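Handing you a structure now.
Quick caveat: nothing in here was measured; it's all calculated off a predicted structure. Letters A, B, ... are given to chains in the order of the sequence lines, protein chains preceding strands, and every chain is numbered from 1.
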Protein chains: 2
Amino acid sequence: MENVTIRMLAERLQLSTATISKALNNSHEISEETKQRVLALAAELNYVPNPYASSLRKKASNTIAVVIPEVADSFFAEAINGIESVAQEKGYHVLIYLTHESFQKEQAILRDFQSGRVDGVLISVTTETAAAQHGLEQLVKEIPIVFFDRVCEEITAAKITTDDATAAYKATTHLIAGGCRQPVMLSASRHLSISNKRTEGFRQALADHQLPFTAASIIYCSNDTIATHELLKKAIQKEHYDGIIATTEKLATAVYEAAAALHLQIPHDLQVIGFSNLSTAKFLNPSLTTITQPAFDMGKAAAALLFKALKSSSFALPEQQEVIPSTLLIRNSTLAAAD
Amino acid sequence: MENVTIRMLAERLQLSTATISKALNNSHEISEETKQRVLALAAELNYVPNPYASSLRKKASNTIAVVIPEVADSFFAEAINGIESVAQEKGYHVLIYLTHESFQKEQAILRDFQSGRVDGVLISVTTETAAAQHGLEQLVKEIPIVFFDRVCEEITAAKITTDDATAAYKATTHLIAGGCRQPVMLSASRHLSISNKRTEGFRQALADHQLPFTAASIIYCSNDTIATHELLKKAIQKEHYDGIIATTEKLATAVYEAAAALHLQIPHDLQVIGFSNLSTAKFLNPSLTTITQPAFDMGKAAAALLFKALKSSSFALPEQQEVIPSTLLIRNSTLAAAD
DNA sequence: CCGTGTTACTTAATCGGTTAAGTAAATAAA
DNA sequence: TTTATTTACTTAACCGATTAAGTAACACGG
C-alpha cells in the first residue's frame, strides 16, 4: 500500500489539496462539516503527514539537535532526560550527536546545521574546543543555540551553567577542613571555561587558606583511560597528594582505581571529591563526596530557553544566561563534617 | 544573507540546476572541469544542501530512530554509543525518543514513523509492551526495524539479544554455590520476553538444584523508585531471602538501599547479583557481582543489521537474529568463588 | 437594487533538491 | 560520407505539503 498523501484525501473527497491541508490545520476558512469529513477520512486511512514536505515549505523542522561529548556520563544522560522531557511536551524531535571530545567532529556536525536540518541547537562543547578558531561565532548568529554546562566564554550566546567557581571553592575548602594540605585538581581541559572557572575557585580557596598554588596543583588529564591511570599513579606517588578534586565523573572513578592500585586508603591517605551525578556515589567504597550538578534541570532550562526563542523571534536569545547551583554532598571519601 | 541554494550556484555559473545537482553528486554525466567549478563555488559560498528537499524527493531521510525507555541506565547509554558510532560512520542522523516505560508514548512515537521521518528504527520496548495489542506487527512490515535487548517474542522481526536465560541460570547457580537457599528474582515486567527468559533460566536453575520455585520466588517491581523501595524492604523482611538477582540496574541499587535500611550485610546476610553495566560496579560497597550485557556491541550489531537492510532491499531483515552473550563478573556481593 | 462583506472553497506558485527524458555537438564506427 | 554512439549538458516533472491570491455564492445594510 502506498503512503497516504493529502492528494489522495483530496481525490476521495472531491476537494482540493489546499482545502485538505487547511482542514487538517484547523483553518477558519474551512467549514465545520468539511473539517469533520476530512478528519474522519484521514483517521480511516491512517494518514500521517510527511514531515519533510512540510519542513521544506515552512522552513521549520520541529527538530532540535543535542551535541554532547558522550552519553555514558550520568551528567549528560540526565541532561538529555531533561531536554527530551521538554521537547516531547512541545512536540519537537531530538537529534543526538556525540563528539567523543573531538573538535573536528564537532565542527563537521555544526556545519551541517546550516542546512536548516534543525531549528535550534543545544550544545556542550568538547574539551578541545576553543571558541576562537571555531565557526561557532558565526553559527550563533545564524541559528538559535544554547550552550549548557561546557560553554564558550568568548562567545556572546545563551548559556546555562552551574556555579563552577563557587562549587570548586566549596570542594577545596571542604578538603582543607578535613586536614588536607596538598590538594590537587584533576582537570579535563586547559581551554574550557568550565575548567578554568573551577581552577579559579580552587586557586582562590588555596590562597584563602595560605596554601601554595603550584604547577603540581593541577593535573590535566586526557580522555584516554589508560594514559590517565598511569599519569595519576605516577603523580600521586611523586607529589604525595592528600586530597583530590576530580572534575569529571570518569576522573573520579579513575582516582578510585589509582588509589586501589597504590594501596592507598580513601579517605585517610587520600581524600576524594568528584564532580559527578552518579546515582551510585553513595554506594561506592567508600561512598563518594560529590559536587552534584543539577543535570536534569540544566537540560530542562536549556531546552526551555531554546523553545522560548523559537516561539518568538523577537526574543533576544544570545543575552540569556542562567546559573543553577551545584550541591556539595558530603560522604565518606572526605574527612570534614558538614558545617 | 539568504541560504545558498542550488539555484544560486546555477545562476552564478550559467548552468542548469540539474547540472549543479549532478556535479555535486559526482555524476558521470558531468565533465571534470564543470565539477571542479561547481565544487569550488559551493565551497566558496559555503553551500550546504537542504536535507529536507532531498529527503522529500528521494524518499529517504538518512535518519534512524532509537526508541528506548530511558537514557539514565548505563546499558542504554552504552547501546546508544554503539549505535551512534555506526550511524556516524555511515553518515546517518540519529533521532532519540524516550518512552519512560509508557506504552502509550511508545505507540504515539511509532505511529509517527509511518510518515517517513526515518528510514529505520532501533527499539527496546517498554515494560508495558505486549506485542499483541500493538501496531508493531503492522509497522514491522512497513519499515525496517530492529529490536534490541527488550524484544517482542511474538513478532517475527530482526532481533539482537543477549543470552538472558543462560545468564540468569548462571547467576542463580552462582548464588546457590555460595550457599543461598532462598533466592529471589526481581523482575521489571510480566510481559517482556527478556523478563520471561530470565525467569525461565532462574526457574530451571532452582529445579536443577532441588530448590522450590514459588510465588515468592519472583517479585515484580514497578518503575516507581519509592514504591519499589518499600516493596523490597517488606518482602525481604517477610520472606528472609538470602540471595537476590536484580534484573535491571535500578533494581540493583534499590537492593543496596533496602539492605542498608534493614541493616543487612551484603553478602553475608544477603547475596546480590545485578544485571548491570555500571562502570562503578567494582567500586561499590561491597563491589557488585554483575551479569554484564554487551551493551555497546549490541547497539553496534543492531545498527549494523539495520544499515545492511537499508542498503539492500532484498535483504530479509525480519529473519535476522543474533544473540551476544553476557558475562558473569564475580565480585564481593556474592560468596562463591569463580569456577 | 447595488455595493460591500463574508464564507468556503479552488488555483497555482512555492520550498530546494532529484531525475527521467530530451538535445546538440563531438567522436567513433561502418 | 553517413550513421551510431558518446559526452555534456538542459528542460521539465516531481516529491507532498503550505499559502498567497483568486472566485463564486450568498448575506446584509442603505
Nearest-nucleotide 5' precedence on DNA chain C, A:Thr17 against A:Ile30: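 Checking each residue's closest nucleotide, the 5'-ward one belongs to A:Ile30.
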
Starting from P on D:dC9, measure out to CD on B:Glu32 and report it in whole angstrom.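 These atoms are roughly 11 Å apart.
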
Q: Give a yes/no on whether any side-chain N or O of A:Ser54 is located under 4.0 angstrom from OP1 or OP2 of D:dA17.
A: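 False: A:Ser54 side-chain N/O out of range (4.0 Å or more) of D:dA17 OP1/OP2.
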
Notebook entry, point to check: How far apart are the C-alpha atoms of B:Ser85 and B:Phe296, what are their side-chain angles, what is the distance that settles it, and do they pass the side-chain contact (heavy atoms from CB on, under 4.5 Å) test?
Noted result: CA-CA 10 Å; B:Ser85 71; B:Phe296 185 83; 4.0 Å; yes

* Which heavy atom in A:Gly91 sits nearest to a heavy atom in A:Asn62, and how many Å separate them? ->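 Heavy atoms of A:Gly91 and A:Asn62 come nearest at O-OD1, 3.7 Å.
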
**OP:** For B:Arg57 and for A:Glu29, locate the closest nucleotide of DNA chain D by heavy-atom distance; then report the residue assigned to the nucleotide nearer the 5' terminus.
**Re:**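 Counting from the 5' end, the first nearest nucleotide belongs to B:Arg57.
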
query = Between D:dG16 atom P and B:Arg117 atom CZ, what is the distance in whole Å?
reply =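 Checked: the CZ to P distance equals 16 Å.
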
Task: Nucleotide C:dG17, atom P - distance to CG of B:Asn62 in whole Å - done: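 B:Asn62 atom CG is separated from C:dG17 atom P by 15 Å.
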
Rounded to the nearest Å, what distance is computed from the CZ atom of residue B:Arg7 to the P atom of nucleotide C:dA13?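 Distance check: B:Arg7 CZ to C:dA13 P gives 14 Å.
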
Is there a residue in residues 19-27 of chain A whose heavy atoms reach under 4.0 Å of DNA chain C, and which residues are they?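 Contacts with DNA chain C under 4.0 Å: A:Thr19, A:Lys22.
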
- Task: Might you work through the side-chain contact (heavy atoms from CB on, under 4.5 Å) test for B:Phe148 and B:Ile68, ending with a clear yes or no?
- Result: CA-CA 10 Å; B:Phe148 70 100; B:Ile68 55 176; 3.8 Å; yes

Using the six-membered ring wherever Trp is involved, compare the ring planes of B:His93 and A:Tyr97 and label them parallel, tilted or perpendicular (cut-offs 30° and 60°).
->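 Rings of B:His93 and A:Tyr97: perpendicular, as their planes differ by over 60°.
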
Nearest-angstrom distance from the residue atom NZ of B:Lys58 to C1' of C:dT18: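 About 8 Å, once rounded to whole Å.
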
Original post:
Choosing from C:dC15, D:dA17, D:dC9, which nucleotide comes nearest the side chain of B:Ser31?
Top reply: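 Closest of the options to the side chain of B:Ser31: D:dC9.
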
Open item on the list: Just to be sure I understand the rule, does A:Thr5 reach a base, reach only the sugar-phosphate, or reach nothing, if contact means heavy atoms closer than 4.0 Å?
Closed with: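 The answer is sugar-phosphate, as A:Thr5 gets under 4.0 Å only of primed atoms, P, OP1 or OP2.
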
CD1 of A:Ile6 versus P of C:dA12: gap in Å, rounded?
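Atom-to-atom, A:Ile6 to C:dA12, this comes out as 18 Å.
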
| OP1 or OP2 of C:dG17 sitting under 4.0 Å from any side-chain N/O of B:Tyr47? |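 It does, given that an N or O in the side chain of B:Tyr47 lies less than 4.0 Å from OP1 or OP2 of C:dG17.
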
Qualifying residue for side-chain contact (heavy atoms from CB on, under 4.5 Å) with A:Ile109, from A:Leu95, A:Val67, A:Leu98: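 The single option meeting the side-chain contact (heavy atoms from CB on, under 4.5 Å) with A:Ile109 is A:Val67.
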
Give a yes/no on whether any side-chain N or O of B:Lys59 is located under 4.0 angstrom from OP1 or OP2 of D:dC14.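 No, no such contact exists.
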
Using every non-hydrogen atom in the two residues, find where A:Gly82 and A:Lys300 come nearest and quote the distance to one decimal.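 Nearest heavy atoms, A:Gly82 then A:Lys300: O-CG, 3.5 Å.
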
Expressed in angstrom and rounded to an integer, what is the separation of A:Asn50 atom CG from D:dT18 atom P?
->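 Value for this atom pair: 10 Å.
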
(request) Quickly work out the A:Glu11 CD to C:dT10 P distance and round it to whole Å. (result)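 Going from A:Glu11 (CD) to C:dT10 (P), I get 13 Å.
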
* Any donor-acceptor pair under 3.5 Å linking the side chain of B:Thr126 with the backbone of B:Ser102? ->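 Not confirmed, B:Thr126 side chain does not pair with B:Ser102 backbone.
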
inquiry  = Does a side-chain N or O of B:Thr34 approach OP1 or OP2 of D:dC9 to a distance below 4.0 Å, or not?
reply    =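 Checking D:dC9 against B:Thr34, a side-chain N or O does come within under 4.0 Å of OP1 or OP2.
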
